[in-house]
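Every number for a ligand or one of its atoms is a count from 1 in the order of the listing.
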Amino acid sequence: MKKILIMAGDGIGPEIVAEAVKVLDVAKARFGLEIETDDALVGGAAYDVHGDPLPEVSLEKARAADAILFGSIGGPKWDQIERDKRPERGLLRLRSSLGLFANLRPAILFPQLADASSLKPEVVSGLDILIVRELTGGIYFGQPRGIREENGERVGFNTDVYSESEIRRIGKVAFELAMARGKRLCSVDKANVLEVTELWKEVITEMAKDYPEVDVSHLYVDNAAMQLVRTPKQFDVLVTGNLFGDILSDQAAMLTGSIGMLPSASLDVNRKGMYEPCHGSAPDIAGQGIANPLATILSLAMLLRYSLDRGDVADAIEKAVEQVLEDGLRTADIYTDGCRKVGTTEMGDAVAAALRG
Ligand code: NAD
């Protein structure tokens, strides 16, 4: 019996996670999966009840689970509370407590959505890239950090830091994924200015000798951002640190038309993982029943593939999503003329029905 912990979070989180759970229930019935689920509070929802965005009870459940399906956290309601209690801190703590150091963010353009991209269809059609982002190091965790008074004014500061072993650990994941895909790996740094990424580049270059079949390239982050919109299909796997990966993966997201379509996985060394959509809690549309649940449903597919070793079930879910898009159903964020506009629940129902067959 495998255990999945459901952490719905804030904003649209509970709405989109409910649709993924619906799809999971159908998958369990169709494939006879032995999976039990449990729920735990996280983010602002947890702060409201426990005064902590990641209470011990939630962390314990997360530790005990084989995989976590996560919605999203945050919102204006919690923007002014003390920094350590903000929802985002709960998420960062969860990732670091579980050792989830490898963030996999695929950007795949479903052919049915080629028109939803802001780029020309010929530039993005058939796009299939994977951004591997280091998730538990770098400037988001480096010490010292803070805001202090200096010479009568406030000074903000953070520290970008990576050890050689941290770079090797994420590099190994990226090289192995490249080997299983198109055998091309682009490492992104800012080695001309930042020593921490000079080391990053050196270590990736050293590692390349162990993967002679992989074609390795290096780009400065500003050039990588430019290339991603100029000719995105030149990329197969990109590997980079926490900060650059955060930004580039959102940029890659928009190549596909909507951030509402993009799943992600965060894995530990044993492939236990947390799976979540790339987007945030979308407070501007929360409670309206119009959020796109497909990124969360596709995150569930990744969960089954990477943590539960059920690539067959993942394939079936991805096929069900494609079927629904083929049938012309669209949430508002991916809507184009001639399609049928549906809400969150209707989209989830349609994927569940397509999976049921
Ligand atoms: P966001 O991703 O929540 O929203 C950006 C835009 O995309 C909004 O217009 C939103 O309506 C739209 N959008 C996002 N997801 C969508 C979906 N599934 N369907 C349709 N439209 C969708 O980013 P933001 O506005 O910068 O952040 C809002 C809150 O989310 C903040 O509190 C932020 O800290 C938090 N956040 C959380 C995570 C996370 O939980 N991992 C990630 C990013 C941001």
Legend entry - ligand 1 versus Asp284: contacting region, heavy-atom distance under 4.0 Å: side chain
Inset, instruction - Quick one: look up the protein heavy atom nearest atom 4 (O) of ligand 1 and list residue, atom name and how far away it is. - result: Ala282 CA, 4.2 Å
Legend entry - Per-residue contact class, Asn292 against ligand 1 - non-hydrogen pairs under 4.0 Å: both
Legend entry - Residue part near ligand 1, for Pro283, under 4.0 Å between non-hydrogen atoms: side chain
Inset, instruction - Classify the side-chain pair Tyr162/Thr197 by whether it contains a donor and acceptor separated by less than 3.5 Å. - result: no
Inset, instruction - Verify the contact flag for atom 15 (N) of ligand 1, where contact means a protein heavy atom under 4.0 Å away. - result: yes
Inset, instruction - Any atoms of ligand 1 less than 4.0 Å from a non-hydrogen atom of Ser72? List them with their elements. - result: 40 (O)
Inset, instruction - Please check atom 11 (O) of ligand 1 for a protein heavy-atom neighbour under 4.0 Å. - result: yes
Legend entry - Non-hydrogen side-chain atoms of Leu24 and Ile4 separated by less than 4.5 Å: yes
Legend entry - Donor-acceptor pair between Ser58 and Glu56 side chains, under 3.5 angstrom: no
Inset, instruction - Return yes when at least one protein heavy atom is under 4.0 Å from atom 43 (C) of ligand 1, and no when none is. - result: yes
Inset, instruction - Using a strict cut-off of less than 4.0 Å between a Lys/Arg side-chain nitrogen and an Asp/Glu carboxylate oxygen, indicate whether Arg168 and Glu166 qualify as a salt bridge. - result: no
Legend entry - Interatomic spacing from CD1 in Ile12 to CD1 in Ile16 - rounded to 0.5 Å: 4.0 Å
Inset, instruction - State whether any protein heavy atom lies less than 4.0 Å from atom 24 (P) of ligand 1. - result: no
Legend entry - Approximate separation, where rounding is to 0.5 Å, of Ile170 CD1 and Ser165 OG: 12.5 Å
Legend entry - 4.0 Å protein heavy-atom contact status of atom 34 (O) of ligand 1, strictly under: yes
Legend entry - Nearest neighbour in protein (non-hydrogen) for atom 7 (O) of ligand 1: Ile259 CG2, 3.9 Å
Legend entry - Any Ile16 heavy atom less than 4.0 Å from ligand 1: no
Inset, instruction - Return a yes/no value for His279: is any of its N or O atoms, backbone included, closer than 3.5 angstrom to an N or O of ligand 1? - result: yes
Legend entry - Straight-line distance of Leu185 CG to Ile204 CD1, nearest 0.5 Å: 6.5 Å
Legend entry - Residue portion contacting ligand 1 (non-hydrogen atoms closer than 4.0 Å) for Thr331: neither
Inset, instruction - Look up atom CD in Gln143 and atom OG1 in Thr159, then write down how far apart they are to the nearest 0.5 Å. - result: 7.0 Å
Legend entry - Atom pair OH/CZ of Tyr140 and Arg95 - distance to nearest 0.5 Å: 9.5 Å
Legend entry - Gly74, Ser281, Gly280: member with heavy atom nearest to atom 29 (C) of ligand 1: Ser281
Inset, instruction - For Glu202 and Thr205, test the side chains for any donor-to-acceptor distance below 3.5 angstrom and give the result as yes or no. - result: no
Legend entry - Atom indices of ligand 1, in the order listed, that fall short of 4.0 Å to a heavy atom of Gly75: 32 (O)
Inset, instruction - Give a yes/no on ligand 1: does Ala291 have at least one heavy atom closer than 4.0 angstrom to it? - result: yes
Inset, instruction - Please determine, by modelled atom types, if Asn103 and Ser266 share a side-chain donor-acceptor pair under 3.5 angstrom. - result: yes
Inset, instruction - Could you tell me whether Glu88 and ligand 1 have an N or O pair separated by under 3.5 Å? - result: yes
Legend entry - Sub-4.0 Å protein heavy atom near atom 38 (C) of ligand 1: yes
Inset, instruction - Please write down residue, atom name and distance for the protein heavy atom closest to atom 40 (O) of ligand 1. - result: Ile73 N, 2.9 Å
Legend entry - atom 21 (N) of ligand 1: nearest protein contact (heavy atom, Å): Ile285 CD1, 3.6 Å
Inset, instruction - For Glu276, counting its heavy atoms only, list the atoms of ligand 1 lying under 4.0 Å from any of them. - result: 41 (N)
Legend entry - Polar side-chain atom of Asp268 near backbone of Asn270 as donor-acceptor pair, under 3.5 Å: yes
Legend entry - Electrostatic pair Glu60:Arg63 at N-O distance under 4.0 angstrom: yes
